[in-house]
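Every chain is numbered from 1, with letters handed out A, B, ... down the list of sequences. It should be emphasised that the depicted structure is a prediction, and the values quoted were computed from it without experimental measurement.
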Number of protein chains: 2
Amino acid sequence: MSTLGLKLRELREQAGLSLRKAATQVDIDVAILSKMERGERKFSKELVLKLADLYKADSDKLIIDFLSEKVLYELEDEDFGLEALKVAEKQLKYRKQKNV
Amino acid sequence: MSTLGLKLRELREQAGLSLRKAATQVDIDVAILSKMERGERKFSKELVLKLADLYKADSDKLIIDFLSEKVLYELEDEDFGLEALKVAEKQLKYRKQKNV
DNA sequence: TTCGTGTTGACTATTTATGTCAAAGGTAAT
DNA sequence: ATTACCTTTGACATAAATAGTCAACACGAA
């Protein structure tokens with residue numbers, strides 16, 4: 001289940017754009033956008049930004065979803081996923097503070 | 001800075017094994033293990049498990065480090081990395097509970 | 001029918017990741 | 001100074017994952 005794909009599909013529909021039109025605007029093939037919205041292919045960060053712009057949506061939130069989806073993809077079916085996230089978080093906070 | 005690499009190097013030394021010997025035991029090229037310990041190449045999960053076994057070390061902890069490193073790699077230089085981790089964590093907890 | 005919609009699959013190309021190998025340079029003992 | 005280890009390095013080949021292209025399909029509305 002790709003929540004990012006669903007969100008971007010909704011946003012596209014709210015913007016009143018067909019797949020083809022949206023795809024043309026962001027300069028990719030329709031097939032790819034279709035697959036991305038349905039979670040069959042991954043979005044790239046650049047594309048998410050382009051689409052956010054096109055749909056006049058909050059790009060920060062979409063990027064956060066994009067990243068979290070990437071992270072979850074790495075951790076799927078891992079017994080220690082949650083623990084790994086905790087460790088990663090600690091590390092990230094440390095790096096942010098100490099600028100390492 | 002690869003903390004996993006450093007840890008595995010220490011464990012190897014504590015086990016009194018040279019790079020060559022360790023590499024032979026886990027059936028990979030010395031060059032690769034050398035690069036992995038210094039963070040120049042990524043470990044695979046399977047290799048981490050093999051090494052944990054060889055060094056008689058706690059594989060769970062090493063796997064957690066391995067995963068967290070993977071996650072951090074995806075997030076490096078991202079402005080919203082921390083926010084993304086929070087979202088991912090929430091999702092993961094939800095999935096774990098609901099078994100989705 | 002024709003038009004616009006989304007979906008599918010086969011195919012190619014490109015980019016990353018992984019593996020192999022030979023050589024270099026260090027250190028210590030003989 | 002040669003032998004015997006060790007680790008590191010880089011160039012190269014191979015394999016796998018990802019991304020892009022294209023044509024055709026199915027559906028419903030005009």
Show the atom names and distances, to 0.1 Å, of all donor-acceptor pairs under 3.5 Å that link a side chain in residues 53-61 of chain B to residues at least two apart or in another chain.
unit_1	atom_1	unit_2	atom_2	d
B:D58	OD1	B:D60	N	3.0
B:D58	OD1	B:K61	N	3.3

Euclidean distance, atom CG of residue A:L33 to atom P of C:dG6 [Å, nearest integer]: 9 Å

Charged N-O contact under 4.0 Å between A:E89 and A:K93: yes

Strand contacts (DNA chain C) in residues 9-26 of chain A, 4.0 angstrom heavy-atom criterion: A:R9, A:R12, A:S18, A:L19, A:R20

Atom pair distance, as rounded to whole Å: CG in A:D29 and P in C:dT14: 16 Å

A:E46 CD - C:dT15 P separation (whole Å): 14 Å

Restricting both atoms to N or O, compile the protein contacts to nucleotides 13-19 of chain D shorter than 3.5 Å, with distance only.
unit_1	atom_1	unit_2	atom_2	d
D:dT18	OP1	A:K42	NZ	3.2

Name each donor-acceptor pair under 3.5 Å that joins a side chain in residues 76-86 of chain B to protein atoms two or more places apart or in another chain, with its distance.
unit_1	atom_1	unit_2	atom_2	d
B:E78	OE1	A:K45	NZ	3.2
B:E78	OE2	A:K45	NZ	3.2

Results of side chain to side chain contact (heavy atoms under 4.5 Å, CB included) for A:V87 - residues two or more places apart only: B:I64, B:D65, B:S68

Length of the line joining B:E40:CD and C:dA17:P, which is rounded to integer Å: 14 Å

Flag side-chain contact, heavy atom, 4.5 Å: A:M36 against A:L47: yes

Check: A:K35 side chain, C:dG9 base, donor-acceptor under 3.5 Å: yes

Separation of D:dT8 C1' from B:E37 CD (nearest whole Å): 12 Å

Atom-pair distance (NZ on B:K45; C1' on C:dA17), nearest Å: 19 Å

Out of C:dT8, D:dT8, D:dT9, whichever nucleotide has its closest atom nearest the side chain of B:A31: D:dT9

Residue pairs involving residues 21-35 of chain B (criterion side-chain hydrogen bond (donor to acceptor under 3.5 Å, both in side chains); sequence neighbours excluded): B:S34-B:R38

All side-chain hydrogen bond (donor to acceptor under 3.5 Å, both in side chains) counterparts of B:E74, not counting sequence neighbours: A:K70

Under the side chain to side chain contact (heavy atoms under 4.5 Å, CB included) test, residues paired with A:Q14 that sit two or more places apart: A:E10, A:L11

Residues that A:K90 engages under side chain to side chain contact (heavy atoms under 4.5 Å, CB included), provided they are two or more places apart: none

Under 4.0 angstrom between B:R38 side-chain N/O and D:dT7 OP1 or OP2: no

